[in-house]
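Sequence positions, counted from 1, serve as the residue numbers for this chain.
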Amino acid sequence: MSTVAENVALHLLKIKAIKLEPTHPFTWASGWKSPIYCDNRKTLSYPEVRAYIRDQFAAVVREKYPDAEVIAGVATGAIAQGVLVAQELNLPFIYVRSSAKSHGLENLIEGNYKAGQKVVVVEDLISTGGSSLQAVEALRNAGCEVLGMTAIFTYGFQKAVDNFEAAHCELTTLSNYSAMIDLALKTGYIQESDVDKLKEWRKSPETYK
């Protein structure tokens, strides 16, 4: 029986939300070279995939955070994902901007919430965890109690693990880089000769060529 991590990875590969190019790496905005490109916003264009991810997110919240009072999405990639989860759980939804608006009310957090409310944060992708944890910090500064974060996919960088531990924020992801590599090999998406290169990148992404 396939695991959730395998099923999510299979969906992401099938709809090309994840692309793997071990021999022709992509260049990220940070300048890092990467054999993987992940755009989870593509999942929103496929109702079956969108529904499956929504249901798995909802299952995580029900199991781990049954006393959650609010779902918060991280702008912009996880706003739609968070709305779907909040609707499924019949909970209020808010979202956290990357920076405060420069006009109007200059909000950093959009939506209705109260200090002291218990919040679960929904994210689409975890790389180093920096921007995701900024959202957690903003919610905490606003007086919310962040129960944890759940995301579609993580590259599994040690830096992200360390950052989440330092922030005392529990992270649960539906799928991950290791599960994706195993599935991609099993289904013939990559060859055995690609595996070492893909694993090498995860160990030292900043020096990968």
Side-chain angles (χ1 to χ4, degrees), residues 1-46 48-50 52-54 56-57 60 74-78 80-81 98 121-136 148-167 169-209:
M1 183 176 179
S2 297
T3 65
V4 170
E6 288 175 331
N7 286 334
V8 171
L10 183 59
H11 281 310
L12 297 180
L13 287 167
K14 275 188 172 180
I15 66 172
K16 294 183 169 56
I18 284 181
K19 295 181 181 179
L20 293 171
E21 292 286 351
T23 57
H24 299 92
F26 305 96
T27 302
W28 285 2
S30 62
W32 284 5
K33 297 293 184 181
S34 168
I36 180 173
Y37 182 78
C38 183
D39 181 5
N40 290 325
R41 286 168 293 195
K42 283 194 171 184
T43 63
L44 299 169
S45 299
Y46 298 84
E48 180 184 353
V49 178
R50 183 177 69 210
Y52 182 78
I53 288 173
R54 175 204 64 202
Q56 300 314 312
F57 270 145
V60 169
V74 180
T76 59
Q81 304 288 358
S98 57
V121 184
V122 172
E123 181 62 290
D124 68 330
L125 176 66
I126 304 295
S127 54
T128 63
S131 58
S132 305
L133 289 170
Q134 283 180 4
V136 171
M149 179 180 291
T150 181
I152 297 174
F153 190 82
T154 178
Y155 296 122
F157 296 145
Q158 186 59 46
K159 186 173 183 179
V161 174
D162 294 342
N163 284 341
F164 274 88
E165 285 182 357
C169 180
E170 183 178 38
L171 173 65
T172 304
T173 61
L174 302 184
S175 192
N176 57 76
Y177 192 70
S178 295
M180 184 273 302
I181 290 175
D182 291 345
L183 181 77
L185 181 61
K186 190 191 310 183
T187 57
Y189 193 97
I190 59 173
Q191 305 303 312
E192 186 74 48
S193 57
D194 296 322
V195 173
D196 286 345
K197 199 163 183 63
L198 288 166
K199 290 183 176 179
E200 174 194 334
W201 171 75
R202 209 245 312 264
K203 291 178 185 174
S204 183
E206 64 276 8
T207 61
Y208 185 87
K209 295 180 181 179

Verify side-chain contact (heavy atoms from CB on, under 4.5 Å) between L174 and N7, making sure each step is shown before the conclusion.
-> CA-CA 9 Å; L174 302 184; N7 286 334; over 6 Å; no

Value rounded to 0.5 Å, distance of CG in N40 from CD1 in I53 | 6.5 Å

Could you pull out the closest heavy-atom pair between P35 and P22, with the gap in Å?
-> CB-CA, 3.8 Å

For a quick test of your reading: what N or O donor-acceptor pairs under 3.5 Å do the side chains of residues 8-20 make, sequence neighbours left out?
none

Using a 4.5 Å cut-off on heavy atoms from C-beta on, say whether the side chain of V74 contacts that of V122.
-> no

Provide the closest heavy-atom pair for Y52 versus V4 in the form atom of the first, atom of the second, distance.
-> OH-CA, 3.8 Å

Sequence-distant partners of A75, side chain to side chain contact (heavy atoms under 4.5 Å, CB included), two or more places apart | I79, Y95

Residues 25-34, side-chain donor-acceptor partners within the protein, below 3.5 Å, at least two apart:
from : atom 1 : to  : atom 2 : distance (Å)
T27  : OG1    : K33 : NZ     : 2.8
S30  : OG     : W32 : N      : 3.3
S34  : OG     : I36 : N      : 3.1
S34  : OG     : I36 : O      : 2.7

Could you tabulate the donor-acceptor pairs under 3.5 Å formed by side-chain atoms of residues 148-167, not counting sequence neighbours?
from : atom 1 : to   : atom 2 : distance (Å)
T150 : OG1    : T172 : O      : 3.0
T154 : OG1    : G156 : N      : 3.0
Q158 : NE2    : D162 : OD1    : 2.9
N163 : ND2    : T128 : O      : 2.9
N163 : ND2    : K159 : O      : 3.3

Between the side chains of E123 and T173, does any donor sit under 3.5 Å from an acceptor?
-> no

Any side-chain heavy atom of V49 sitting closer than 4.5 Å to one from L44?
-> no

Partner of L125 under side-chain contact (heavy atoms from CB on, under 4.5 Å), chosen from C38, S131, S132 = C38

Which residues satisfy the side chain to side chain contact (heavy atoms under 4.5 Å, CB included) test with T187, sequence neighbours excluded?
-> L183, Y189

Got W201 and T207 here, is their nearest side-chain heavy-atom distance under 4.5 Å?
-> no

Do the side chains of R50 and T43 get nearer than 4.5 Å, heavy atoms only?
-> no

Give a yes or no on this: more than 12 heavy atoms of other residues, nucleotides or ligands lie within 6.0 Å of atom CD of E206.
-> yes

Not counting sequence neighbours, list each pair that qualifies as a salt bridge (charged side-chain N to carboxylate O under 4.0 Å, His left out) and has a residue in residues 184-205.
-> E6-K186

